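Since the structure is predicted, the reported quantities are computational estimates derived from the model, not experimental observations. In the text below, chain A, chain B and the rest are named by the order of the sequence lines, each starting its count at 1.
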There are 2 protein chains.
Amino acid sequence: MHRVADLVADYLESKVQAYPVVPRISPGDVRRQLPPSPPAQGEPIDRILDDYHRVIEPNVTHWNHPGFMAYFPVTGSGPGVLAEALTAALNVNAMLWRTGPAPTELEELACDWYRQMLGLPPEFRGHINDTASISSLLALAAARERAVDLDVRRRGLAGRADVPRLTVYCSDQAHSSIDKAMITLGLGLANLRRIETDGAFRLRIDRLEEALEADRKAGARPIALVATLGTTSSTSVDPIAAMAAIARRDQLFLHVDGAYALAAGICPEFRQHMQGLSEADSIVTNPHKWLFVPVDCSLLYVRQPDLLRRAFSVVPDYLTTTETGVTNLMDYGVQLGRRFRALKLWMVLRSFGVAGLQERIRYHCELARQFAAWVEAEPGLELVAPVPFSTVCFRATPDLPPEHQDRINEQLLERVNAAGPVFLSHTRLRGRYVLRLTVGNLRTTPAHLERAQQIIRTAHSQALATYAP
Amino acid sequence: MHRVADLVADYLESKVQAYPVVPRISPGDVRRQLPPSPPAQGEPIDRILDDYHRVIEPNVTHWNHPGFMAYFPVTGSGPGVLAEALTAALNVNAMLWRTGPAPTELEELACDWYRQMLGLPPEFRGHINDTASISSLLALAAARERAVDLDVRRRGLAGRADVPRLTVYCSDQAHSSIDKAMITLGLGLANLRRIETDGAFRLRIDRLEEALEADRKAGARPIALVATLGTTSSTSVDPIAAMAAIARRDQLFLHVDGAYALAAGICPEFRQHMQGLSEADSIVTNPHKWLFVPVDCSLLYVRQPDLLRRAFSVVPDYLTTTETGVTNLMDYGVQLGRRFRALKLWMVLRSFGVAGLQERIRYHCELARQFAAWVEAEPGLELVAPVPFSTVCFRATPDLPPEHQDRINEQLLERVNAAGPVFLSHTRLRGRYVLRLTVGNLRTTPAHLERAQQIIRTAHSQALATYAP
C-alpha cells in the first residue's frame, strides 16, 4: 500500500507531465506485452506493480495530464484519490439504507450540499449514478412514467393499440447519451426530434413549436424536452426558461443536461446562463467532470423522486428490510449495486471548500478567454463559437474551398496532438471540422496554455506549408 | 496518502472485525453529526480524515467483514484496493481505444483470461460493466435487437401496429434485475413470464413450454429466455442445456445470469452444474461478488458482440477517431463514461493466480457444507434447499402453524444480527420465511462459522422461549 502511495504521488506530482498526453502506440501494442493466459500460481504484488509501471501507466491516455484539453477534461484530485482507496477498502454496496447507512446518508447530504452551491431550490433531491448516460436515461424514464395512463412499467410499449409514438425534443447539439436513452427505453431514435439551433448553437424555440405541432398533428404524443446547459461541441446553452414555459404549458417533462457546464453555476456570475433552471423536472451534472472528483460520479437532481421510485422500485423478498421512512437508493434507478461514490464527492467539497472550487472554475474560464483572445489575434485562425465557459472552438481559415479547409484542420489537429504536451479534440459545427480546446484539469496553468499556443502556431504553419489538395 | 494507506491497512487487518457487521444506529444518526451546508473555505485533509474515521467508518455496514454472510458477500481484497487507488490516479475514461489504449486492451485481455478460467469457448467476447443490472439489461437489449425486422433502435416499440407484445421467460427465482430490464427496455413487467420451479427451485421445462405456446397463441412474440446459474435466494441452477435446446429450436436469445455462482466454474468439479452454458448467447458474472474484486465489476460475455454494437453504437462528430480495427468500448452499451475497471480484475487474477482462486472458492463451499451439516444435526432447524455452492438456506421449525413459524424465524434473524459478529439475510421460499447464510468473504474462517453457529443456537432458544403468538 505504501508503494502504491508512492506510485500515485510520483505520477501526479511529476511523472504525468513527462509523458505525451496520448501514448505513441498502435493497436495491439499493450496486449502483445502481456501473457495471453492467466498465471496458474499467484504472483508477488511487486512484480504486478512493476508490470503496471512498465506496461500500463505509460500506455494510458493521460486524462490527469494538465495538457489534456480534449473532450471535457477530468481530474483525479488528491482528496478524490484518497477517497477511492477508502471506498474500495470499505467495499460497501449501498443498495439499502441498512446495507450502507453512512453511505446512504452521506449521498443525500453531499448531493444537498452541491444543490445549495448551485443555488437550486430545496425541492430538488439528488442521487449519484455512474454516468450522465444513466442519469439522462433515468430522467427520460421518469418522463415516460409520468404518462400514468400508459402504465409503461407494467404493460410496456409494444403490441398496444392505445399507445401512440412518444416523442422527445432536444437540440441538434444535444449529447449522444440522449440518443442512447431513446434506444434503450424503446422510444426509438426516429422519435427524438433534434431541433435546429441558432447562430450561437442554442435550440430555436420557433422550430421547437413547429415540431411539437407537427408531431401532434401526426398523432404522436410529446413527453419530454431536453435542454442542454453546455453542449459538448461548443458549450452553448439552450433557452431553458423559454423551454420551461413550453413544458409547463404542454405538461411536458423538462430534463436539463448540464453534465459539464453546470459546475460553473457555483459561481453566481455564471448563473446568467442558467435562467429557468429551477423550473426543470430533472437536472444532471457530473462532479467527475469539472469538479475534480474521480470518475465515476454523476448527479441526478429530480423534483419528483417518486416518479423514479414508481418506475424502478422492485423489492424482492430477499431485499426487504424493516426500517421505515428510510431512503433505499436501489429504488431510484436501474442498478442494484451501488459503490460508495458519495465519499469522494464529500471529501472533494470539503477539501476545496466552496470558495476554492469557485476560484478554480473562474480561473479555468479566464484561461479559456485568454486563449480565445489569442486565437482572435492569430493570423489565419478564427473562433467558431462564443466562449461562455472554458471551451474554445476554433479553426484555420485558409483561402480554400470548405472541404480543403476541413482537411487542413484535421491535419492541424493531428500535428498538434502528435507533439505530445497537449491533447485537443475536434467536432463539427455547421458541418465544418472544428478544433476544440477545453480547460478543466486542476493542474493546468498559463504555461500549459502558452505551450499549446506555440504548438498550434507551429503545426498551423506546417499544415499550410505541406498541404497538397 | 500514507495516512490513508495506514487507515486502509488498519481497517482490513484488524479493525473491521472489532465492529458489529451492521452498525447499531438509527436513520438520521449519521447526517445529524455532519454540518448541513458545505464549508466556505477548504479544510485540511487531516480534519476530513478524522471525520471519516469518527463518523463514516463506524457507520457503514461492513461488507468487508469476515462475518458478513448476508446477500452475496463481496471482498475488497488487497490487490483490488491498490488497483482502485491507481485507477483513480490515472482517472482514465476508456470510452475509445484512443482515450485509453492500455485500459481497452487490458479489459479485453482480462475478460479473456477469465473466460479461459471458466472453460468457455473463445467465441465469447467479454466486456466490463458496473453491475449485473446493466449487463442483463444489455443482454435483453441485444435480444430485442436480434429481431431485425422490428428495427427497435430506430422506430422504438410504441405506436406501431406491426410489433406484437415481446415476451421474456425466466424462473420464479430469477433476480429483480430482470424485472428492471423489462421496465427499462419498454417491454413491461407483464411480459416477463416467471416460470414455476421444481422442488429444487429450478425452472420447470414443461411449464416453460406451456407458457411459450400460450403466449404464441395469444399473439405475443417470445424473444428471450433467462436462465439463472445460482439464484439469489437459494443458488439453484436452471436446466441450462434444456433451455438452450429450446432457444435453438425457437430462435430465442438465451441469457445466463451467473452473477454470483459462475465464479465456481473456475473449478472443474463445479462445471457439472453448468452443462449447456457454452450454448448461451450471453452470460453475466460479477468478479466483484465472489472473485475478490472491489465493487463495481460486472462481466458480460456475448457470442455476437455485433448485436450490442448494432443496438448501441452512436458516434457523434466529437467522438470520431481515425484508428481502424480497434475496439471502442463505448459502442457496446449505454454508458459513454467508463472507469478503468480492468486494472483491478487483472491485478486480482495475477495476485491470486488460478490455483489460488480455485482454492478459496473450494474452501468457501466446504465451509458452507460444514455449516449445512451443522444445521441438519441441530434440533429444531432444517435445511430448506440443496447447497450446490456456498449458500445455505435454513429455518427453525417449531411445532406451530406456518405464519407463526415465519414470525419466529424473523425474530431469530433479528436476534442473530443484533449480536454483532455475523450478518445473515433472509428470503422466502415457497412462501415461507427462510434464513440465508453465504460464505464468500476472503477472510472468513472456520472460527467465524463456529461463532455464527453459537449465535444462532442461542438466538434460536431465546426466540422460542420468548415467542408470544
Side-chain angles (χ1 to χ4, degrees), chain A residues 1 4-5 8 27 30-31 38-39 41-43 48 56 59-61 63-64 76 81-82 84-85 88-89 91-92 99 102 105 113 131 133 153-159 163-166 176 179 183 186-190 294 314 316-318 326 335-337 349-350 352-354 356 427-428, chain B residues 1 4-5 8 27 30-31 38-43 48 56 59-61 63-64 76 81-82 84-85 88-89 91-92 99 102 105 113 131 133 153-159 163-166 176 179 183 186-190 294 314 316-318 326 335-337 349-350 352-353 356 427-428:
Chain A
M1 186 83 202
V4 166
V8 166
V30 171
R31 204 162 162 173
Q41 302 299 326
E43 299 180 70
I48 301 170
I56 307 301
N59 293 318
V60 305
T61 293
W63 285 73
N64 230 349
V81 175
L82 299 183
E84 286 285 37
N91 207 34
V92 170
T99 67
E105 296 189 16
W113 279 13
T131 57
S133 307
R153 171 185 162 109
R154 200 174 62 82
R155 297 186 59 201
L157 297 166
V163 180
R165 284 185 300 112
L166 305 176
S176 52
D179 299 280
I183 295 170
L187 299 171
L189 284 176
V314 175
D317 290 324
Y318 45 84
V326 296
Q335 293 126 315
L336 175 60
L349 293 179
R350 287 189 63 176
F352 289 90
V354 178
T427 189
R428 281 184 182 268
Chain B
M1 186 83 201
V4 166
V8 166
V30 172
R31 202 160 165 174
Q41 302 299 326
E43 299 180 70
I48 301 170
I56 307 300
N59 293 319
V60 306
T61 293
W63 285 73
N64 231 348
V81 175
L82 299 182
E84 286 287 37
N91 207 33
V92 169
T99 67
E105 297 190 16
W113 279 13
T131 56
S133 307
R153 172 185 162 110
R154 198 175 62 81
R155 296 185 59 201
L157 296 165
V163 180
R165 283 184 301 113
L166 305 176
S176 53
D179 299 278
I183 295 169
L187 298 171
L189 284 177
V314 175
D317 291 325
Y318 45 84
V326 296
Q335 293 124 315
L336 176 60
L349 293 179
R350 286 190 63 177
F352 289 90
T427 189
R428 280 184 183 266

Side chain, backbone, both or neither: which part of [X] has a heavy atom under 4.5 Å from chain B?
X: A:L187; result: backbone
X: A:V326; result: side chain
X: A:L82; result: both
X: A:R155; result: backbone
X: A:P27; result: both

Q | Heavy-atom closest pair, residues A:W63 and B:T99 | A | NE1-O, 2.8 Å
Out of [options], return the one with the most heavy atom pairs under 4.5 angstrom to chain A.
options: B:D179, B:V81, B:N91; value: B:N91
options: B:G337, B:A5, B:A85; value: B:A5
options: B:E84, B:Q41, B:R153; value: B:R153
options: B:L166, B:I56, B:L349; value: B:I56

Q.
For the CZ atom of A:R350 and the CD1 atom of B:I48, what is their distance to the nearest 0.5 Å?
A. 5.5 Å
Would you find a donor on one side and an acceptor on the other, under 3.5 Å apart, between the side chain of [X] and the backbone of [Y]?
X: B:E105; Y: A:V30; answer: yes
X: A:S133; Y: B:L336; answer: yes
X: B:W113; Y: A:P39; answer: no
X: A:N64; Y: B:A89; answer: yes

Q | Side-chain touch A:I183/B:V314, heavy atoms, less than 4.5 angstrom | A |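 Sidechains of B:V314 and A:I183: in contact.
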**Q.** Contact class of B:T131 relative to chain A, heavy atoms under 4.5 angstrom
**A.** side chain
**Q.** Options A:R428, A:R165, A:R31, ranked by heavy-atom pairs under 4.5 Å with chain B, top entry
**A.**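 So the answer, after comparing A:R428, A:R165, A:R31, is A:R31.
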Q: Flag the one option from A:A190, A:P38, A:A158, A:G186 with the top tally of heavy-atom pairs under 4.5 Å to chain B.
A: A:P38
